[in-house]
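Sharing a structure here in structure tokens format.
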Protein chains: 4
Amino acid sequence: MKRKITEKSIELFEKKGFSQTSIQDIVDSLQVTKGTFYYYFSSKEQLLMDIHLEYITDLLGRQQQILQNDLITNKEKLKKIMTLLIDDIKDKGANGRVFFREIRHLINENIDKIKQKRTLFRLNIEKIIQDGVNNGEFRSDLRTDMVTFGILGLTNYCYNWFNPNGEVTTEQLIDTYVEMILHGIIKA
Amino acid sequence: MKRKITEKSIELFEKKGFSQTSIQDIVDSLQVTKGTFYYYFSSKEQLLMDIHLEYITDLLGRQQQILQNDLITNKEKLKKIMTLLIDDIKDKGANGRVFFREIRHLINENIDKIKQKRTLFRLNIEKIIQDGVNNGEFRSDLRTDMVTFGILGLTNYCYNWFNPNGEVTTEQLIDTYVEMILHGIIKA
Amino acid sequence: MKRKITEKSIELFEKKGFSQTSIQDIVDSLQVTKGTFYYYFSSKEQLLMDIHLEYITDLLGRQQQILQNDLITNKEKLKKIMTLLIDDIKDKGANGRVFFREIRHLINENIDKIKQKRTLFRLNIEKIIQDGVNNGEFRSDLRTDMVTFGILGLTNYCYNWFNPNGEVTTEQLIDTYVEMILHGIIKA
Amino acid sequence: MKRKITEKSIELFEKKGFSQTSIQDIVDSLQVTKGTFYYYFSSKEQLLMDIHLEYITDLLGRQQQILQNDLITNKEKLKKIMTLLIDDIKDKGANGRVFFREIRHLINENIDKIKQKRTLFRLNIEKIIQDGVNNGEFRSDLRTDMVTFGILGLTNYCYNWFNPNGEVTTEQLIDTYVEMILHGIIKA
DNA sequence: TATGAATGAGAATTCATTCAT
DNA sequence: AATGAATGAATTCTCATTCAT
């Protein structure tokens, strides 16, 4: 039941937004009662926290896999991480959208905890870029922090428009973006 | 008074979010009463609509200036539009953040009206890229729509982290991003 | 309206107790809506605080009148204060009962504020007794603090059983208690 | 287990009040579950009734012991009964406070049943005083009913302030009060 | 004996909105 | 142009109680 509530909530939060979704909405669509909700979650915010925590924890875990792979170049690592983010749109689109949009509704320690983990994810990317700069894979005249933010913005934005069931495949999207990041759009 | 309400609202919407900001919050911080608010706005949503409309209209106007300039290359135009977006963080940061984050709270015709204008803004960018592809400025093997979304994601995301009063200047940021978009990060 | 809410609340709190009385009960019996309640009071507890504050402030004010009277003996002062408390049962019975019974529902600073004033009221009585001991009106072998608590218990308890419209008049009650306190019940 | 629930409940009811204490609070602090509670008690009120009944029954029993003693004067009996009440603060303070404060939460027949027994306890005291008046131990010009209420108020109030582990011993307190009741505070 | 999932009725509170003045 | 009292619908949350196991 807890799982069912979480999943239905993600669905509704994505469709209508966190504050526009009431506990009543959630339980009604599961045909249970409010009491049931509060049996499993102590508050609406705690549910949101659960969702965030699960998402970022999973993301960090998969990022870690990539980081630990010593056999691939930094360029490959970067590509894999971009793939990681964009691939999720297919499997966890709603999840991701809730993750990116509704963090504002977390408060105090909760928001800090999540932000810390988000920062870690970002710094891990920055590290890859820095490594790539150091070993000559990447240009050395760009600020790694800003590049990282750029890549994150570019990939995260996909959650707003990309439809994995549309005419463009996820692979094409990833190729386009990797190509763009690596070589730019200008004619050499 | 109408202006004062609008401005204070933007400030509060940015700080606390649209749904977390009550009409009471707005009028309290201006030391007027709710009646005053409803004298100038027919509803909370209409205020949000006003804010959105003003923002996107202004943005489109300035974009138009750039588009009409026949003396510059498409590459220059693209740079100018990116500058346009990022520059706003200094002057209208709160405004922009409200614009990007709170569109969800518009309803029905309103949301359509704004989305149409946003789409226009995007298509205008795509047009520049297409023109650049056509005249050989840009590579011809990239999907212009996706590239456009990428650029938008990259620039919009700045609203989330870039502090125009921080150690990095807006110019450095723009340079980094233009460079990244045009030539990529890989060592040639 | 604020006054009406306060008065009806006192009535209901007395009859059913603070936690057994809902805001709904209060507004229903006044034929207004919950919104109206919250227009005047920020919370249920604040209403209770209002009631307490008004009561104890009034009590302290009247006590002060008695204390400042230099023309009467301490014995007379004591009698007047007992009269003060018991007389209230006629005019403010419900008020007093709420005051004595529901203090538990105040929290934190509120409870402290009220308790402080209650303590002041008690210490003022103790002072009278001490003065009476000093000038020989009262016996010198009694602990003034405990005697004060005793007098308070004795008078406060009246709120639990005394019916000012019953066969015993308030005057008789006061006479009995003053006599009991001053001379005891044993046959001299 | 039933005993453990009762005792923990008394503790919690005293600390937080009956309505502020949830069944959940009770079972949590015993590390059992709500089912356990309802195995032993049919309702929250029934638990409160149990507590009241046990308390007043015990009190009446001990009062009976005193009443039946034909070898002591009424004055002595009165002192013993006051001792009975005040002594309990040491052993059953919480119990007594719950008994005096939470009777309001009993309903219908329950409240009547308890009130009857309380009345009996009071009338037993009144009887002693009447006997004392009749045999010349006590003054004949005081209303015995009111005197009884006075004594009850005075002693019951101790539950609100008296700390048996404080600097004043229970014996001193009893002496002071017996002295006060018997001889008054005025200098003879 | 005891558990724990689920209920449902009701609680306090919030807030956009209306409207007579 | 502005006020402020009042509304009412919705919202989050609480909790005593039930019941199958």
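Throughout, protein chains are lettered first and strands after them, A, B, ... in sequence-line order, and every chain is numbered starting at 1.
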Strictly below 4.0 Å: does B:Tyr39 bring a side-chain N or O up to OP1 or OP2 of F:dA1? yes

Map C:Gln31 and A:Ser42 onto DNA chain F by nearest heavy atom, then report which one ends up closer to the 5' terminus. C:Gln31

Can you classify the ring geometry of D:Phe18 versus D:Phe13 as parallel (below 30°), tilted (30 to 60°) or perpendicular (above 60°)? perpendicular

Can you check the A:Leu47 CG to F:dC13 P distance for me, whole Å? 11 Å

Applying side-chain hydrogen bond (donor to acceptor under 3.5 Å, both in side chains), which residue pairs with at least one partner in residues 24-38 of chain D are found, sequence neighbours left out? D:Lys16-D:Asp25, D:Ser22-D:Asp25

Residue set satisfying ring pair (Phe, Tyr, Trp, His ring centres under 6.0 Å) with A:Phe100, at least two apart, ordered chain then number -> A:Tyr159

Side chain to side chain donor-acceptor pair (under 3.5 Å) partners of B:Glu54, counting only residues at least two apart: B:Arg3

Using the salt bridge (charged side-chain N to carboxylate O under 4.0 Å, His left out) criterion, which residues pair with A:Asp50? Sequence neighbours excluded. A:Lys2

Closer to the 5' end of DNA chain F via nearest nucleotide, is it C:Phe37 or B:Thr33? B:Thr33

Salt bridge (charged side-chain N to carboxylate O under 4.0 Å, His left out) filter on D:Lys8, not counting sequence neighbours, yields D:Glu11

Give a yes/no verdict on a cation-pi contact between C:Lys117 and C:Tyr55, requiring under 6.0 Å between NZ or CZ and the six-membered ring centre and an angle within 45° of the axis. no

Taking only the side-chain nitrogens and oxygens of C:Ser43, find out if one of them lies under 4.0 Å from OP1 or OP2 of E:dA12. no

Which parts of residues 1-26 of chain C get close to DNA chain F, meaning a heavy atom less than 4.0 angstrom away? C:Met1

Applying a 3.5 angstrom cut-off to the pairing atoms, does DNA chain E sit in any stems of at least three consecutive Watson-Crick or G-U pairs? List them by first number. E:2-21 with F:2-21

Could you tell me which residues satisfy side chain to side chain donor-acceptor pair (under 3.5 Å) with A:Gln46, sequence neighbours excluded, listed by chain and number? A:Ser42

What residues form a ring pair (Phe, Tyr, Trp, His ring centres under 6.0 Å) with D:Phe41, not counting sequence neighbours? D:Phe37

For nucleotides 19-21 of chain F, print each protein N/O atom paired with a nucleotide N/O atom at under 3.5 Å, atom names and distance only.
none

Starting at the 5' end of DNA chain E, which residue's closest nucleotide do you reach first, A:Tyr40 or B:Glu45? A:Tyr40

Measure the distance from NE2 on B:His105 to P on E:dA16 and round it to the nearest whole Å. 12 Å

Could you name each residue pair satisfying salt bridge (Lys or Arg N to Asp or Glu O under 4.0 Å) that touches residues 91-108 of chain A, not counting sequence neighbours? A:Glu14-A:Arg97, A:Asp58-A:Lys92

Please name all residues satisfying salt bridge (charged side-chain N to carboxylate O under 4.0 Å, His left out) with B:Glu45, sequence neighbours left out, ordered by chain then number. none

